[in-house]
Undergrad: 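Have a look at this one.
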Amino acid sequence: MAKFIGSKIKDDNWGEDYFISKLMDYFDNSYVIYRNRPIFGAQFDVCFLVPNIGIIIFEVKGWKPDTVLRVENGDNIIIKTVDDKTGEEGEAGENPTNQARGYVYKMRQKIRSKTGKNPLVFDMVCFPNITKSQYDELGIEPVCEYETTILRDDLETKAAFYSKMNLGMKNHKGSLKYSSEFNSDLMFRTRQIFESNLKLEDQSIEDTDLIEDC
């Protein structure tokens, strides 16, 4: 089971909760998951440390198919909004890929400033409520490429999830030769940025900031 490091595995955000539960179920404890951590004034949804590969920043959108109204100009997803106080419906434009890439740039800067290294950091998007057929029907691909977008179908089995994750990683395979090797030392030094009690002389799971178990 992948290690979730933080104070709360479940945070009443269904999309993130469900996605994190799948990461934990499908990967072993050499992988590390963070959620909603601050990096230079921003806060990512989910961050996944992959041994010997690098770091994936996930933007998770729990939108239902009927939340997505349309895609505009190939770079903007228009979603239905509801005001919490008045109940009035409206619209808002979002680009999950751009959001995730913003966190990627900040994560690269953070790690470089703390370690002097440049591991591979890349982005993926997750729509846990949207199937492949709905994704096609809604025309989301111009905004969120299929190869780097995890859909409901991809989360249903470990094999499907691994297949999509491998597709996403394949897109960045060429970048590995220009990146610092994300070996156990660099992964540990990266974890020290986010885990206050982690020390080089004691790398066991008991000495991390792991608060909850699944």
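Hydrogens, waters and symmetry mates are skipped; everything else that's a heavy atom, side chains included, is used.
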Undergrad: Is Phe161 linked to Ile130 within one hydrophobic cluster, defined over Ile, Leu, Val, Met, Phe, Trp and Tyr using a side-chain heavy-atom separation of less than 4.5 Å?
TA: no
Undergrad: Looking at every non-hydrogen atom in both residues, tell me the closest pair between Pro119 and Leu186 and how far apart they are.
TA: CB-CD2, 3.8 Å
Undergrad: Considering only Ile, Leu, Val, Met, Phe, Trp and Tyr, and joining two whenever side-chain heavy atoms are under 4.5 Å apart, list the other residues clustered with Ile78.
TA: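 Cluster partners of Ile78: Leu69.
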Undergrad: Decide whether Leu23 and Phe127 are clustered together by the hydrophobic rule: side chain heavy atoms of Ile, Leu, Val, Met, Phe, Trp, Tyr closer than 4.5 Å, transitively.
TA: no
Undergrad: Between Pro96 and Ile77, which heavy-atom pair has the shortest distance, and what is it?
TA: CD-CD1, 3.9 Å
Undergrad: Is Leu167 reachable from Ile150 through a run of I, L, V, M, F, W or Y residues, each pair having side-chain heavy atoms under 4.5 Å apart?
TA: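 No; tracing contacts between hydrophobic side chains, which count when under 4.5 Å, never links both residues.
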Undergrad: Take Phe44 and Ile57 through the side chain to side chain contact (heavy atoms under 4.5 Å, CB included) test and state the conclusion after the steps.
TA: CA-CA 7 Å; Phe44 56 71; Ile57 303 291; 4.0 Å; yes
Undergrad: Got a sec, which pairs hit side chain to side chain donor-acceptor pair (under 3.5 Å) with one end in residues 125-138, sequence neighbours left out?
TA: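 Sorted result for residues 125-138: Thr131-Ser133, Thr131-Gln134, Lys132-Asp136.
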Undergrad: Would the Tyr26 and Tyr162 ring centres measure less than 6.0 Å apart?
TA: no
Undergrad: Would you list the pairs meeting salt bridge (charged side-chain N to carboxylate O under 4.0 Å, His left out) in which at least one residue belongs to residues 96-111, sequence neighbours left out?
TA: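 Listed once each, the pairs are Arg101-Asp123.
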Undergrad: Under 4.5 Å between any side-chain heavy atoms of Phe27 and Met165, yes or no?
TA: yes
Undergrad: Among pairs that include at least one residue of residues 72-82, which meet salt bridge (charged side-chain N to carboxylate O under 4.0 Å, His left out), considering only residues two or more places apart or in two chains?
TA: Arg70-Glu72
Undergrad: Would you say OH of Tyr105 has more than 12 non-hydrogen atoms from neighbouring residues, nucleotides or ligands within 6.0 angstrom?
TA: no
Undergrad: Test Arg189 against Lys117 for side chain to side chain contact (heavy atoms under 4.5 Å, CB included), laying out the working first.
TA: CA-CA 10 Å; Arg189 291 171 68 189; Lys117 300 292 185 179; 4.2 Å; yes
Undergrad: Do the side chain of Asp45 and the main chain of Val60 share a donor and acceptor less than 3.5 angstrom apart?
TA: yes
Undergrad: Looking at NZ of Lys173 and CD1 of Ile53, how far apart are the two atoms once the value is rounded to the nearest 0.5 Å?
TA: 9.5 Å
Undergrad: Any heavy-atom pair between the side chains of Ile20 and Phe4 that's under 4.5 Å?
TA: yes
Undergrad: Minimum heavy-atom separation for Glu59 to Ala100, with atom names?
TA: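 That closest heavy-atom pairing would be CB-CB, 3.9 Å.
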Undergrad: Quick one: does Arg35's side chain have a donor or acceptor within less than 3.5 Å of a partner on Cys47's backbone?
TA: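 Side chain of Arg35 to backbone of Cys47: no pair is present.
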Undergrad: Is there side-chain contact between Ser113 and Phe40, with at least one heavy-atom pair below 4.5 Å?
TA: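 Yes - at least one pair of side-chain heavy atoms lies under 4.5 Å apart.
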Undergrad: Are the side chains of Arg191 and Ile5 in contact, using a 4.5 Å heavy-atom criterion?
TA: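 A side-chain contact under 4.5 Å exists here.
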Undergrad: For the atom pair OG1 (Thr97) and CG (Asn95), what is the distance rounded to the nearest 0.5 Å?
TA: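 Atom-to-atom, Thr97:OG1 and Asn95:CG are 5.5 Å apart.
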Undergrad: Locate the shortest heavy-atom distance separating Ile33 from Ala2; write the atom from each residue and the value.
TA: CD1-CB, 3.8 Å
Undergrad: For Ala42 and Tyr103, work out which heavy atoms get closest and say how close.
TA: CB-CE2, 3.7 Å
Undergrad: Considering only distance and modelled atom types, tabulate donor-acceptor pairs under 3.5 Å from the side chains of residues 174-181, sequence neighbours left out.
TA:
| unit_1 | atom_1 | unit_2 | atom_2 | d |
| --- | --- | --- | --- | --- |
| Ser179 | OG | Ser175 | O | 2.8 |
| Ser180 | OG | Asn118 | N | 2.8 |

Undergrad: In terms of hydrophobic clusters joined by side-chain contacts under 4.5 Å, are Val143 and Met124 together?
TA: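 Cluster IDs for Val143 and Met124 differ.
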Undergrad: Taking Asp83 for the side chain and Glu88 for the main chain, is one N or O donor matched with an acceptor at less than 3.5 Å?
TA: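 No, Asp83 side chain to Glu88 backbone: no donor-acceptor pair under 3.5 Å.
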Undergrad: Compare all side-chain heavy atoms of Tyr31 with those of Asn29 and state whether any distance is below 4.5 angstrom.
TA: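 Tyr31 vs Asn29: side chains apart.
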Undergrad: Just by distance, do the side chain of Asp17 and the backbone of Asp12 share a donor-acceptor pair under 3.5 Å?
TA: yes
Undergrad: With heavy-atom distances below 4.5 Å as the criterion, would you say the side chains of Trp63 and Val68 are in contact?
TA: yes
Undergrad: Can you pull the side chain to side chain donor-acceptor pair (under 3.5 Å) pairs that have at least one residue in residues 142-155, sequence neighbours excluded?
TA: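 Applying side chain to side chain donor-acceptor pair (under 3.5 Å) to every pair that reaches into residues 142-155, excluding sequence neighbours, yields Asp154-Lys164.
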Undergrad: For the pair Asn76 (side chain) and Glu94 (backbone), establish whether a donor and an acceptor sit closer than 3.5 Å, ignoring hydrogens and angles.
TA: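 Yes; judged by distance alone, with no hydrogens or angles, the pair exists.
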Undergrad: Please state whether the rings of Phe58 and Phe48 are parallel, tilted or perpendicular, taking 30° and 60° as the class boundaries.
TA: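 Tilted.
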Undergrad: Do Gln99 and Val125 come within less than 4.5 Å of each other through their side chains, counting heavy atoms only?
TA: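 No, side chains not in contact.
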Undergrad: Minimum heavy-atom separation for Leu155 and Pro128, please, with both atom names.
TA: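 Smallest heavy-atom distance, with atoms named: CD1-CB, 3.9 Å.
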Undergrad: Look only at the side chain of Ser163 and the backbone of Ala160, and say whether a donor-acceptor pair between them is shorter than 3.5 Å.
TA: no
Undergrad: Using the side chain to side chain contact (heavy atoms under 4.5 Å, CB included) rule, take Asn36 and Glu16 through it: C-alpha gap first, then chi angles, then the decisive distance, then the call.
TA: CA-CA 10 Å; Asn36 303 145; Glu16 289 181 20; 3.5 Å; yes
Undergrad: Is Ile111 close to Ile55 at the side-chain level, that is, under 4.5 Å between some pair of heavy atoms?
TA: yes
Undergrad: Starting from Val50, can I reach Phe19 by hopping between I/L/V/M/F/W/Y residues whose side chains sit under 4.5 Å apart?
TA: yes
Undergrad: What's the spacing between Glu89 CD and Glu91 CD if we round to 0.5 Å?
TA: 10.0 Å
Undergrad: Distance alone, cut at 3.5 Å: any donor-acceptor contact between the side chains of Tyr34 and Glu195?
TA: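 On atom types as modelled, these side chains qualify, holding a pair under 3.5 Å.
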